[in-house]
Amino acid sequence: MRIIKDKKYRKFLILISIPILIIAQYYFFKVGILRPMVKGVEIKIAEGDYILDIDQFVMKLNDKATLSSGEYITIPSYAKDPNIWFNVLDNSGVLKIENKNELVATKEGTSAVAIMKNSRVLRKANVKVVDPKVKDIIVKSDNDLKYVGDVANINTTLKVDYDKFEKKEKVTYKSSDESVIKIVDNKVEAIGVGSAKVYIKAKNKEEVLEYNNIKAKVAKIDIATNVKIEVDESKKLDPKITTSPKGLKHPKVKYELVENKLSIQRAIRLDPDGTIVGIRNGTEKVRVICDNKSKIITVEVVEKSLTNNKIENLNVDYNVIDNKLKVSLTWDYIEGIFDYDVYLRNNSLQESKFKVVKSVNIKDKDVKSSKKVKTTIEVDLIDGKIPSLSMYVLGKTQSGLNTDPSNIVNIGPPKEDIGDIAVENLQAYINEESNTAKLNWNAIPMKDIQYSIYVKNNLAQDSGFTLIESSVSANEYTINLEDTDVDLDVYIKAKQGDKYSKESNIIKIKREKVTEENNPET
């Protein structure tokens with residue numbers, strides 16, 4: 001090789017060769033003949049947690065994280081961008097990459113992910129996929145739900161075996177009755193009356209909050225402040241409860257006597273359901289309570305008014321004698337009433353109004369132990385047939401005032417077929433002296449009628465109606481009672497030959513035998 005000794009010429013050649021080399025190098029990098037050097041590359045996993053002690057990223061099962069290669073540089077800077085990509089370094093299935101740079105944790109285990117340049121690993125990182133286990137749920141509510149409209153926030157803290165994932169663990173809230181408790185996120189609201197549970201669950205752990213007896217708030221109690229009743233009269237207090245919001249089922253109403261008195265001083269008896277019964281003249285104060293609201297009313301008991309009594313148990317029987325209809329009437333005696341008027345309307349004569357057909361005056365001795373008033377009236381037959389009649393009885397006090405009238409009883413021409421009629425107006429009363437129950441009913445005006453008596457003992461288990469008498473010719477019958485508690489149901493059927501009438505009404509004969517054990521006065 002020829003050595004160039006001329007310094008000036010040598011310097012000239014050096015100056016010319018430098019740009020030529022630079023241009024050639026740039027060209028070779030661009031066309032890929034030369035490969036650039038990559039510096040500063042680093043694996044970054046967004047949403048992953050790096051644990052220095054084990055030199056691993058930790059991801060939660062089924063989580064996704066974005067991979068980044070950091071702010072790397074190429075040398076020289078004008079070199080063609082290198083082929084940088086991400087790769088899972090094993091086939092364990094613990095990790096997978098989607099959309100080029102999205103890392104997915106698919107099952108528990110350990111794997112590795114790398115930044116690749118072509119087929120060469122530039123940088124790798126170990127990744128551990130875990131499925132955190134919930135060890136405990138700590139639940140705190142900032143309010144108790146007592147009334148409809150109350151709201152509470154539930155604060156839930158989880159203890160998991162990987163503390164980093166406590167906030168990521170999903171907590172669910174569920175109401176056992178959404179008509180009582182409504183849940184939005186972790187906020188619970190009482191929207192109805194009743195009881196419900198809230199289930200707080202995270203994986204395999206569950207806690208339960210119970211909200212029992214949620215009530216409607218009581219806005220006000222409306223009831224008259226003064227109530228007047230008579231001795232022996234009963235009346236049920238009926239307060240109107242307004243709730244907030246309106247229209248909800250209100251809490252149970254309670255009643256209590258306000259004043260401290262001995263039992264023998266009480267003017268009323270007060271039952272738990274709000275029924276008051278007049279015992280003697282006087283006044284009592286009763287407190288009506290509904291949840292946190294109350295109201296005091298005054299009950300005045302006055303003497304029983306005779307005019308408020310009603311003639312009870314009017315019964316009628318009749319027979320045809322000497323072309324006359326002879327009608328026998330009986331009714332319950334009212335203490336202190338000695339005068340009664342019998343009213344009649346003859347429907348067969350197209351009468352539109354009732355008129356007094358008989359006035360009855362009695363004395364105490366006339367009613368005796370039966371406590372029944374009896375009388376008879378006579379009515380002409382019409383064309384030899386029994387007319388259609390309607391009757392009732394009215395009592396009169398000595399001052400000339402009237403009691404309430406009895407029920408109206410009707411009689412009329414007999415029907416041809418006994419199967420079309422029923423025994424009517426069956427009644428009974430107990431005679432404590434003879435320990436019997438006396439039955440009576442309207443007689444059926446047909447020939448050869450006999451009556452059958454059916455009784456059911458309600459104090460005997462699985463007891464049905466039993467026929468106790470089948471050949472009673474009169475329209476009355478006496479049942480002998482046991483010297484114990486009595487609870488009987490009774491009905492009557494009539495028969496003519498082999499045909500039966502319809503059943504009568506069913507009446508109850510009931511008595512609780514007073515003993516020394518249950519007598520409050522002993």
Side-chain angles (χ1 to χ4, degrees), residues 47 49 58-64 105 107-108 129-223 237-256 271-274 287-295:
E47 300 177 12
D49 294 296
V58 179
M59 291 181 66
K60 186 172 176 289
L61 182 65
N62 298 322
D63 270 3
K64 293 183 179 181
K107 72 177 186 179
E108 290 185 89
V129 177
V130 297
D131 185 13
K133 301 295 186 293
V134 178
K135 296 187 293 184
D136 194 14
I137 301 178
I138 302 172
V139 178
K140 292 183 179 179
S141 177
D142 63 2
N143 188 24
D144 188 20
L145 303 184
K146 185 177 180 181
Y147 295 103
V148 175
D150 286 354
V151 176
N153 291 299
I154 300 176
N155 298 312
T156 304
T157 302
L158 301 181
K159 296 295 183 182
V160 301
D161 52 5
Y162 283 87
D163 295 345
K164 297 178 183 292
F165 299 116
E166 284 181 357
K167 294 182 179 179
K168 289 185 178 181
E169 205 56 60
K170 185 179 180 182
V171 179
T172 60
Y173 301 88
K174 184 178 180 181
S175 171
S176 65
D177 190 340
E178 294 183 349
S179 67
V180 177
I181 296 291
K182 180 179 72 174
I183 305 175
V184 178
D185 296 328
N186 66 326
K187 180 181 177 181
V188 296
E189 181 181 1
I191 62 172
V193 174
S195 300
K197 296 178 181 179
V198 174
Y199 299 97
I200 303 101
K201 189 172 183 179
K203 286 194 174 173
N204 59 320
K205 290 291 184 178
E206 183 179 77
E207 287 291 329
V208 180
L209 292 179
E210 295 188 15
Y211 295 100
N212 295 318
N213 195 26
I214 294 173
K215 301 178 287 187
K217 290 181 180 178
V218 177
K220 62 178 179 177
I221 300 174
D222 288 323
I223 189 171
L237 300 176
D238 187 23
K240 304 300 180 185
I241 310 299
T242 303
T243 61
S244 178
K246 290 183 178 180
L248 297 176
K249 180 182 178 182
H250 60 75
K252 183 179 180 181
V253 180
K254 300 178 181 179
Y255 306 88
E256 64 182 23
D271 295 340
D273 66 352
R287 182 180 286 111
V288 182
I289 307 166
C290 189
D291 198 43
N292 59 338
K293 297 284 185 181
S294 65
K295 195 168 185 178

S.K.: Donor-acceptor pairs under 3.5 Å, side chain of residues 186-200 to any protein atom, not counting sequence neighbours: which ones?
M.R.:
residue, atom, partner, partner atom, Å
N186, ND2, I154, O, 2.8
S195, OG, N213, N, 2.8

S.K.: Rounded at 0.5 Å granularity, tell me how far NZ in K220 sits from NZ in K293.
M.R.: 10.5 Å

S.K.: Roughly how far, to the nearest 0.5 Å, is the CG atom of N212 from the NZ atom of K146?
M.R.: 13.5 Å

S.K.: List the atom of K60, the atom of A105, and the distance in Å for their closest heavy-atom pair.
M.R.: O-CB, 3.6 Å

S.K.: In terms of heavy-atom contacts, does CG of D185 have more than 12 from other residues, nucleotides or ligands at under 6.0 Å?
M.R.: no

S.K.: Which heavy-atom pair separates P251 from C290 by the least distance, and what is that distance?
M.R.: O-SG, 3.4 Å

S.K.: First locate atom CE of M59, then atom CD of E108, and finally report the distance between them rounded to the nearest 0.5 Å.
M.R.: 13.5 Å

S.K.: Do S175 and Y211 come within less than 4.5 Å of each other through their side chains, counting heavy atoms only?
M.R.: no

S.K.: Above 12 or not: heavy atoms from other molecules or residues under 6.0 Å from NZ of K217?
M.R.: no

S.K.: Under 4.5 Å between any side-chain heavy atoms of K170 and L158, yes or no?
M.R.: no

S.K.: Pick one: which of V134, D136, I137 meets side chain to side chain contact (heavy atoms under 4.5 Å, CB included) with K159?
M.R.: D136

S.K.: Do the side chains of Y255 and I289 get nearer than 4.5 Å, heavy atoms only?
M.R.: no

S.K.: Donor-acceptor pair, K133 side chain versus D131 backbone, under 3.5 Å?
M.R.: yes

S.K.: Test your reading of the model: is there a side-chain donor-acceptor pair from D142 to the backbone of N153, 3.5 Å cut-off?
M.R.: yes

S.K.: Taking all atoms of both residues into account, what is the closest heavy-atom pair of K215 and D291, and its distance?
M.R.: NZ-OD1, 2.6 Å

S.K.: Taking atom NZ of K295 as the centre, does the number of heavy atoms from other residues, nucleotides or ligands within less than 6.0 Å exceed 12?
M.R.: yes

S.K.: Sequence neighbours left out, cut at 3.5 Å: what donor-acceptor pairs do the side chains of residues 240-248 make with other protein atoms?
M.R.:
residue, atom, partner, partner atom, Å
K240, NZ, D238, OD2, 3.1
T243, OG1, P245, O, 2.7
T243, OG1, G247, N, 3.4
T243, OG1, L248, N, 3.2

S.K.: Output all residues satisfying salt bridge (charged side-chain N to carboxylate O under 4.0 Å, His left out) with E178, sequence neighbours left out; order by chain, then residue number.
M.R.: none

